[in-house]
There are 2 protein chains.
Amino acid sequence: MNSAFTVFMRYVARVEVGLKPGHSDPEGETTRDSLVEMNYAVESVKVSKVYEILVEASSLEEAKKMVDEMCRRLLANPVKDNYKISIEESR
Amino acid sequence: MNSAFTVFMRYVARVEVGLKPGHSDPEGETTRDSLVEMNYAVESVKVSKVYEILVEASSLEEAKKMVDEMCRRLLANPVKDNYKISIEESR
């Protein structure tokens, strides 16, 4: 009898999604205005979002591919967002 | 005649604000549910926010103090958020 099985590992991916240069960032601008009103010498504020995702996959390569796909399909807007992924095995 | 003046430098602060453990993260949960519906093997998602702030200050120490105060006064909710700051001179 043949025993074939795949071992799934857990990986933690950190995905940072931010606006591409040239796209307006209303949340950043509002935050800057509030800070300036509070008398802080602030020139600009840019806001981005970090998703820490715990995934199961058979290898680091597969996990990376999966998370990259999640970014393109759900987490980032390809028209206006940049994203970067860092990923490691979950301890 | 005495000439006394302060030179102001520009610093870039990166502030990451995330929920303290035990606080519910509805945005993370909704994102996880969407990813699971799309058939990704996702266990959990935590969302946090990054503010990249360009400030003027007379020294790195002063800039750090200023940004820490901004966190306590505006960017983070002391009841439910953790924050961490990294800061360097702007090139």
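Given the structure is predicted, the values throughout are model-derived calculations rather than measurements. Residue numbers begin at 1 in each chain, while the letters A, B, ... track the order of the sequences.
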Interface check, chain B: of Val47(A), Val12(A), Val67(A), most non-hydrogen pairs under 4.5 Å belong to Val47(A)

Counting heavy-atom pairs under 4.5 Å to chain B, which of Val17(A), Val45(A), Leu75(A) comes out on top? Val45(A)

Measure the spacing between OG of Ser90(B) and CD of Glu56(B) and express it to the nearest 0.5 Å. 10.0 Å

Portion of Glu16(B) that has a non-hydrogen atom of chain A nearer than 4.5 angstrom: side chain

Tell me, side chain or backbone of Glu27(A) under 4.5 Å from chain B's heavy atoms, or both, or neither? side chain

Under 4.5 Å from any heavy atom of chain B, what part of Arg32(A) do you find: side chain, backbone, both or neither? neither

Just by modelled atom types, is the Pro78(B) backbone N or O under 3.5 Å from a matching donor or acceptor in the Lys20(B) side chain? yes

Is the number of heavy atoms from other residues, nucleotides or ligands under 6.0 Å of Glu88(B) CD greater than 12? no

Over all heavy atoms of both residues, which pair between Tyr11(A) and Ala57(A) is shortest? Give the atoms and the distance, please. CE1-O, 3.6 Å

Verdict with supporting geometry, Arg72(B) and Asp68(B), salt bridge (charged side-chain N to carboxylate O under 4.0 Å, His left out): CA-CA 6 Å; Arg72(B) 285 181 284 112; Asp68(B) 191 72; 3.0 Å; yes

